[in-house]
Amino acid sequence: MSSSQSPRIEGVSDAERGLLRDSVREFLSKRWPSDHAMERSGNAQAIAALWQDLAGQGLAALGADPAEAGLREILLVFEELGRASCPAPLLGAVGANLALAGQQSNAMRAMLEDLHQGKAMVALALGAFDGDAAAGKVEARGDALSGKIAFVEGAETATHFIVFTAPASVAVVASGAPRLQIKVTPGLAVPPLAELTFDNTPATRLDLSPKALADIASVARLACASRAVGAAERAFELAVDNAKVRKQFGQLIGQFQAVQHKLANCLISLDGARLALDAAADARDNCNPDWHVFAASALAFAGPALRTVSIETHRALGAIGYAEEHEAPRHFRRVHADLARFGGAPGARAALADFVLGPAA
Amino acid sequence: MTALPAISMGPAANAFRKEVRDWLGKHWTPEKQAAHLRKPFKDRGYDNEFSKLMGRDGWIGVGWPKTFGGQGRSASEQIAFVTEVANSGAPAHAHNTSESIVAQALFLHGTKQQQDEWLPFIRNGECFFALGYSEPEAGSDLAALRTRAVRDGDEWVVNGQKLWSTGGDKADYMWLAVRTDPEAKKHAGISVLMVDLHSPGVTIRPSMALYGKTFSAQFYDNVRVPAKNMVGAVNNGWKVITDALAAERVMIGATRMAGLERAFDHLTEYLKTAVVGGKALRSDPVIRDRIGALAADLEVARQFQVRNARLVEQGKVPIHEAAMGKVFTSELQERLGQAALDILGAGGLLSEDSASAPVGEMEQLLRHSIMGMIGGGTNEIQRNVIAQRGLELPR
């Protein structure tokens with residue numbers, strides 16, 4: 001309804017989106033097969049080689065031209081990355097493409113060219129625009145940055161960082177820049193997040209409005225939520241398949257109503273999250289001025305819903321899915337890591353309350 | 001002003017929405033609204049005269065094919081229509097079952113004579129049906145129904161008991177599921193009759209349901225029904241019943257959704273300005289968090305409705321998708337009602353008949369939510385449908 005009849009700003013049809021999904025899935029199944037996804041996630045060389053190939057598919061330019069790919073296409077590709085447990089540094093690429101599109105600096109244009117050819121890999125450091133109160137911030141003085149930013153993904157393999165600063169600007173920092181410290185912070189996320197410390201670190205800067213930076217940060221949140229949808233859905237499929245073949249007490253466990261209802265609830269949550277994300281992307285692609293409300297709705301719903309799907313998936317798989325060599329645990333990590341970031345569901349609920357009730361007095 | 005931004009239903013539905021709104025603005029006047037509110041709660045939503053007015057101006061059968069005298073509107077336009085009517089508070093329940101379930105079944109399974117006779121009657125807003133499905137021993141397992149119909153010349157003779165018929169005491173006709181072959185397998189021996197409730201042998205016993213309106217038990221004691229009132233072939237009633245339910249689920253979902261959005265709008269309008277104990281409620285972080293979560297859930301519920309409408313427009317029949325929408329929306333209604341009690345405290349217990357009620361309708365919304373979770377197949381049965389039809393899990 002809304003998408004098929006409302007004016008479109010670019011010409012990607014539902015059928016073309018279906019083809020894009022198929023081709024990305026096919027590519028990842030060959031290039032990042034499930035059997036090797038875990039061991040390769042910690043292998044910087046494997047990720048760099050994969051990135052070259054993804055760039056060869058044109059995916060490193062995602063977000064550079066809205067006529068080629070809008071937010072719906074971006075989210076679709078992230079969903080596929082989630083399904084494949086693929087840590088390709090696409091978040092940084094999309095952030096760079098959105099932030100630097102159409103700007104004139106030679107250094108930045110060269111970096112984008114390298115990015116699109118798969119030679120550069122970018123990590124996104126949102127700082128004050130992250131949404132997480134503990135994400136830190138970086139201040140720009142002239143062409144030098146100082147401050148600390150936490151919760152950065154893809155930092156270990158990055159050749160460049162796209163850093164959102166205060167006052168509002170976007171800065172490009174080479175990973176080997178002097179006085180840039182990269183500290184890996186291990187935890188639930190695989191590959192781990194990292195913390196960046198800047199101490200008068202040289203950067204190339206471009207002034208952007210706070211609104212433009214907040215807009216890109218919203219895209220990053222939705223992209224990660226879509227990656228979580230892909231991961232949650234893949235693990236869920238494993239649980240459904242298992243319920244159709246696993247026998248206990250002389251019958252298939254999928255015949256037990258307790259299991260059926262658990263999995264039915266998961267499907268409601270998965271479909272609800274995807275429909276809400278689609279609606280948000282559709283609103284942005286169609287220049288709906290309220291698109292951020294749809295985005296907040298999707299994030300506020302997806303957070304608790306997908307994390308519950310992930311938990312219930314494991315309960316349906318039982319101990320079969322509890323070994324790290326099984327596919328399910330990596331999806332559990334991905335779902336939780338992607339949804340707890342950027343202020344998570346509480347931040348999205350607060351944004352919705354701002355819209356519905358107005359700001360707190 | 002609604003709390004959430006409107007979902008664009010496309011230019012055609014948006015234009016149609018305005019047409020409907022204009023008609024309601026002209027005919028659902030403040031005087032009629034005031035008079036309607038003076039009725040006891042149990043009778044609100046039902047107004048045979050208003051149904052006739054809607055029928056006169058072509059507002060019954062909006063989604064019917066043009067060949068049957070309808071407007072042939074798309075699912076999106078129908079949702080826009082249902083939403084506008086619900087938002088206005090205009091009483092459209094009286095003809096609802098006739099317009100949706102009965103007409104749908106007549107399109108698919110009615111004889112030419114039945115279509116010519118009954119469809120204009122319904123379209124004119126003069127024909128009021130209720131559903132006679134459930135029985136003491138046949139609830140979720142509807143096909144276990146035992147109300148018996150035996151052929152006698154040009155008539156069927158009906159004996160048995162039905163339960164929980166919404167609006168049964170206000171209707172003139174019952175859409176009655178009966179057993180015509182007790183020897184056949186349970187789904188195979190069922191037929192559907194249109195029964196005049198004013199016939200000798202019919203006893204109707206209304207009882208008050210938790211949501212504040214009546215449903216009724218009916219007793220059929222040698223009730224004679226003309227054979228021409230059977231819809232579909234003898235013993236083909238299960239198909240008649242299930243076919244009629246499919247398209248109509250979308251409209252029921254849209255009506256429930258519109259009611260939820262309206263309640264949420266009223267609650268949030270109140271919260272924007274309310275000061276209790278010297279504190280502005282809208283600044284309470286717990287309330288803000290709860291309202292944010294409900295807003296997101298409402299948006300998701302709307303998206304389930306939109307998906308169902310899209311499927312219908314594509315000529316598909318949403319089965320497990322409709323079940324998902326039903327489960328999610330009815331359980332959201334329960335969450336909204338419970339949240340209102342937490343937010344409003346004891347004030348949330350007061351109905352709109354209490355002058356000091358902060359919002360009024362929330363306690364009724366909560367009582368009504370039970371009906372959404374039970375009626376039209378319990379949510380547990382819906383989850384079976386999702387698991388077995390949607391996920392193809394083994395039976």
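Each chain gets a letter, A, B and so on, in the order its sequence line appears, and its residues count up from 1.
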Q | B:Glu380 versus chain A, the contacting section by heavy-atom distance below 4.5 Å | A | both
Q.
Quick check: closest heavy atoms across B:Ala387 and A:Ala264, and the distance to 0.1 Å?
A. N-CB, 4.3 Å
Q) Heavy atoms under 4.5 Å from chain B: which residues of residues 227-234 of chain A carry them? A) none
Q.
Under 4.5 Å from any heavy atom of chain B, what part of A:Leu252 do you find: side chain, backbone, both or neither?
A. side chain
Q.
Using heavy-atom distances under 4.5 Å, tell me whether A:Val293 contacts chain B through its side chain, its backbone, both, or neither.
A. side chain
Q) Tell me, side chain or backbone of A:Gln255 under 4.5 Å from chain B's heavy atoms, or both, or neither? A) both
Q.
If we define contacts as heavy-atom pairs under 4.5 Å, which of B:Val385, B:Asn384, B:Asp297 has the most with chain A?
A. B:Asn384
Q: State the CG-OG distance between B:Leu4 and A:Ser297, to the nearest 0.5 angstrom.
A: 6.0 Å
Q | Distance (rounded to the nearest 0.5 Å) between A:Ile268 CD1 and B:Glu321 CD | A | 12.0 Å
**Q.** Audit row: A:Phe294, B:Glu299, side-chain contact (heavy atoms from CB on, under 4.5 Å) steps and yes/no
**A.** CA-CA 8 Å; A:Phe294 293 100; B:Glu299 174 56 25; 3.3 Å; yes
(Q) Using only non-hydrogen atoms and a strict under-4.5 angstrom cutoff, which residues of residues 388-395 of chain B touch chain A? (A) B:Gln388, B:Leu391, B:Glu392, B:Leu393, B:Pro394, B:Arg395
Q. Between B:Arg290 and chain A, which part of the residue has a heavy atom less than 4.5 Å away: side chain, backbone, both or neither?
A. neither
Q | B:Ser283 side chain vs A:Ala361 backbone, donor-acceptor pair below 3.5 Å | A | yes
Q.
Is B:Val327 close to chain A through its backbone or its side chain, or both, or neither, when contacts mean heavy atoms under 4.5 Å?
A. side chain
Q) Given a strict heavy-atom distance threshold of 4.5 Å, which part of A:Phe256 is in contact with chain B: side chain, backbone, both, or neither? A) neither
(Q) List the residues meeting side chain to side chain contact (heavy atoms under 4.5 Å, CB included) with B:Glu363, not counting sequence neighbours, and say none if there are none. (A) B:Ser351, B:Arg367
Q. Please walk me through it: do B:Ile386 and A:His261 pass side-chain contact (heavy atoms from CB on, under 4.5 Å)?
A. CA-CA 8 Å; B:Ile386 296 164; A:His261 286 194; over 6 Å; no
Q.
Quick check on A:Asp278 against chain B: is it the side chain, the backbone, both or neither that has a heavy atom closer than 4.5 Å?
A. neither
Q | Pairs meeting criterion salt bridge (Lys or Arg N to Asp or Glu O under 4.0 Å) with involvement of residues 303-313 of chain A, two or more places apart | A | A:Lys262-A:Glu312, A:Glu312-A:Arg315
Q. Taking the side chain as C-beta and beyond, is there a heavy-atom pair between A:Asp271 and B:Arg307 under 4.5 Å?
A. yes
Q) Using non-hydrogen atoms only, which part of A:Pro359 is less than 4.5 Å away from chain B: side chain, backbone, both, or neither? A) backbone
(Q) Determine whether B:Thr268 and A:Leu357 satisfy the following criterion, side-chain contact (heavy atoms from CB on, under 4.5 Å), listing intermediate values before the conclusion. (A) CA-CA 6 Å; B:Thr268 52; A:Leu357 298 177; 4.0 Å; yes
Q.
Check this for me: B:Lys316, atom NZ, are more than 12 non-hydrogen atoms of other residues, nucleotides or ligands nearer than 6.0 Å?
A. no
